[in-house]
There are 2 protein chains.
Amino acid sequence: MAGLTAPLLGLEKKSLREQALSALRTAITSGELEPGRHLVETELSEMLQISRGTLREALRQLEQEGLLSAGPRGRLSVRHLDGKEIRDIYAVRAALESLAARTLCELPDRQHVTKSLHKAIDAMEDATTGTLEERIESDLEFHRTLCRLTGNETLLHSWESLEGSIRMSIMFAGLEKGVSNMSVDRHKDIMAAIDTGDAALARQTILEHMDTAAANLVA
Amino acid sequence: MAGLTAPLLGLEKKSLREQALSALRTAITSGELEPGRHLVETELSEMLQISRGTLREALRQLEQEGLLSAGPRGRLSVRHLDGKEIRDIYAVRAALESLAARTLCELPDRQHVTKSLHKAIDAMEDATTGTLEERIESDLEFHRTLCRLTGNETLLHSWESLEGSIRMSIMFAGLEKGVSNMSVDRHKDIMAAIDTGDAALARQTILEHMDTAAANLVA
DNA sequence: CATAAGTCGACTGTTTACAGTCGGTAATGG
DNA sequence: CCATTACCGACTGTAAACAGTCGACTTATG
């Protein structure tokens, strides 16, 4: 009765591996670990206060997420993205999200969908006065919600696997440029298209949104 | 001068982790490790003759590829796919491959593309008299080539991340059903559409191919 | 002085050992 | 006979130690 450490609500304590994963992801996508930087396992494990074995499990995952690139002899470094890679990432992102939009349009009852998307847009509006990071966060949350609402776990998972790369793309372009095209109106258009169930329009709106976003980033 | 073990041609010796990864992937997608089966680290490490630490790194990757699912206490088991999940996987696959087709159609010079695809189709024809596994392999190789030829590394990587799930889908349906719709003609249609540069047609052909494939699998 | 052999240091690959936790089962008390 | 507690076995989480390899720097040698 006295203990009550915290795990009350779904807030399960995360394993060290997961903590390290989050910490590293944040460090990379925030630029704290700059692109091209060599990662030394012993250094990181000491910084994070975890053992190398545990750390390596996290590194493998980051590697597969495309945040790290492997050098000659297992040497890992923070991945560097050039303009083409950013465009490529956004092309895949566009394909995934347009599938999401199409799927949502085909749902018989889109009431709940519209409601959730509206909530996400409200969050974006709240964030317009916040920090750059908060604006990016709310923007990504909208798109993640788009994928989640489809109920297609594979789609959501694929998108989330890309999320790290997306964040890096934004960071590469400089945060200011990255958020410059995160207009709330754009997202309202997407929601509206889905609301009407016009799959072709929704798809087109998404593709255009992604195109301009990618173009802004590499410009 | 006497040694000359083997690493002469790009055939670098793979790390134990990679070997374990391949072995486990094969074991799972071949059904040797049946769906739902609980994986015990100590058992596997003994089977594969590697340490648990090394094994765990491989398991993390398989988990992220969607071949394993994590239970309550970090317990891993071979993922079980139901009809909906197979359809979901193929929906994502279709989105990725239709992006590939569209990208290829937009290339200024598709000569090399057509040549490579033709080679892949020839391999499929050669395999028609081979084992089921060989036919599946050549089929997947065609689609993988489709993605690779785009030059979009992210697209290729996303597709390959899905490949394990695709193989599982085919296995779930029973190998016979899985290959029943791998007609060479279908793939020739795809190639032809790309050859003419008709993006809309190529996209449509891919989507239909995926739709019928998924429908066959869950039927 | 240039080149080849040798030595040192830094990292990754891999293994072994230890700790914590959950589930079941047997012992115990009413 | 039922419930409760104490223990035991099985696994995963985590840490620490061992081994091999590559590169850089140094030293010997013609």
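Every value quoted in this text rests on a predicted model; they were computed, and no experiment measured them. Every chain is numbered from 1 and lettered A, B, ... according to where its sequence line falls, protein lines coming before strand lines.
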Please confirm whether the shortest side-chain N or O distance from [X] to OP1 or OP2 of [N] is below 4.0 Å.
{"X": "Arg56(B)", "N": "dG13(D)", "answer": "yes"}
{"X": "Arg60(B)", "N": "dG13(D)", "answer": "yes"}
{"X": "Ser51(B)", "N": "dT15(C)", "answer": "yes"}
{"X": "Thr54(B)", "N": "dT15(C)", "answer": "yes"}

With the threshold set at 4.0 Å, does a side-chain nitrogen-carboxylate oxygen contact exist between Glu63(B) and Arg60(B)?
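Looking at Arg60(B) together with Glu63(B), the answer is yes, because their closest N to O distance falls below 4.0 Å.
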
Taking atom [atom2] of [N] as reference, at what distance in whole Å does atom [atom1] of [X] sit?
{"X": "Leu59(B)", "N": "dG13(D)", "atom1": "CG", "atom2": "P", "answer": "10 Å"}
{"X": "Arg73(A)", "N": "dT21(D)", "atom1": "CZ", "atom2": "P", "answer": "10 Å"}
{"X": "Leu55(A)", "N": "dG13(C)", "atom1": "CG", "atom2": "P", "answer": "12 Å"}
{"X": "His38(A)", "N": "dT12(C)", "atom1": "NE2", "atom2": "C1'", "answer": "12 Å"}
{"X": "Glu46(B)", "N": "dT16(C)", "atom1": "CD", "atom2": "P", "answer": "11 Å"}
{"X": "Glu41(A)", "N": "dG13(C)", "atom1": "CD", "atom2": "C1'", "answer": "9 Å"}
{"X": "Lys14(B)", "N": "dT14(C)", "atom1": "NZ", "atom2": "P", "answer": "12 Å"}
{"X": "Arg75(B)", "N": "dG20(C)", "atom1": "CZ", "atom2": "C1'", "answer": "13 Å"}

So how far off straight is the helix from dC1(C)-dG30(D) to dG30(C)-dC1(D), going by the axes through five pairs at either end, to 10°?
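Result, rounded to 10 degrees: 20°.
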
Would you say that more than 12 heavy atoms from the other residues, nucleotides or ligands in this model lie under 6.0 Å from the NZ of Lys119(B), or not?
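No, not enclosed.
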
Other residues, nucleotides, ligands: >12 heavy atoms within 6.0 Å of Glu32(B) CD:
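Result for CD/Glu32(B): open.
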
Hey, could you give me the NE2/OG1 distance between His118(A) and Thr145(A), rounded to the nearest 0.5 Å?
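Rounded to the nearest 0.5 Å, the NE2-OG1 separation comes out at 13.5 Å.
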
To the nearest 0.5 Å, tell me how far Ile89(B) CD1 sits from Thr154(A) OG1.
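The distance works out to 4.5 Å.
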
Measuring from the side chain of Ile50(B) (C-beta onward, heavy atoms only), which nucleotide among dT14(D), dA15(D), dT15(C) has the closest atom?
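Selected nucleotide: dT15(C).
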
Between dT14(D), dT12(D), dT12(C), which nucleotide gets closest to the side-chain atoms of Thr42(B)?
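Out of dT14(D), dT12(D), dT12(C), the nucleotide with an atom closest to Thr42(B)'s side chain is dT12(D).
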
Does a distance-only test, which skips hydrogens and angles, find a donor-acceptor pair under 3.5 Å between the side chain of Arg52(A) and the base of dG13(C)?
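Looking at the base of dG13(C), it does pair with a donor or acceptor on the side chain of Arg52(A) (distance under 3.5 Å).
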
What nucleic acid atoms does Gly74(B) come within less than 4.0 Å of, heavy atoms only: base, sugar-phosphate, or nothing?
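Answer is sugar-phosphate: Gly74(B) comes under 4.0 Å of backbone atoms only.
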
Say whether Gln19(A) and Ser15(A), considering side chains only, have a donor N or O and an acceptor N or O under 3.5 Å apart.
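No pair is found: no donor N or O on one side chain lies under 3.5 Å from an acceptor on the other.
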
Please list all pairs meeting ring-ring contact (aromatic ring centres under 6.0 Å, His included) that have one or both residues in residues 122-172 of chain A, counting only residues at least two apart or in different chains.
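Every pair satisfying ring-ring contact (aromatic ring centres under 6.0 Å, His included) with a residue in residues 122-172 of chain A: His80(A)-Phe172(A), Phe142(A)-His187(A), His143(A)-His187(A), His143(A)-His209(A).
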
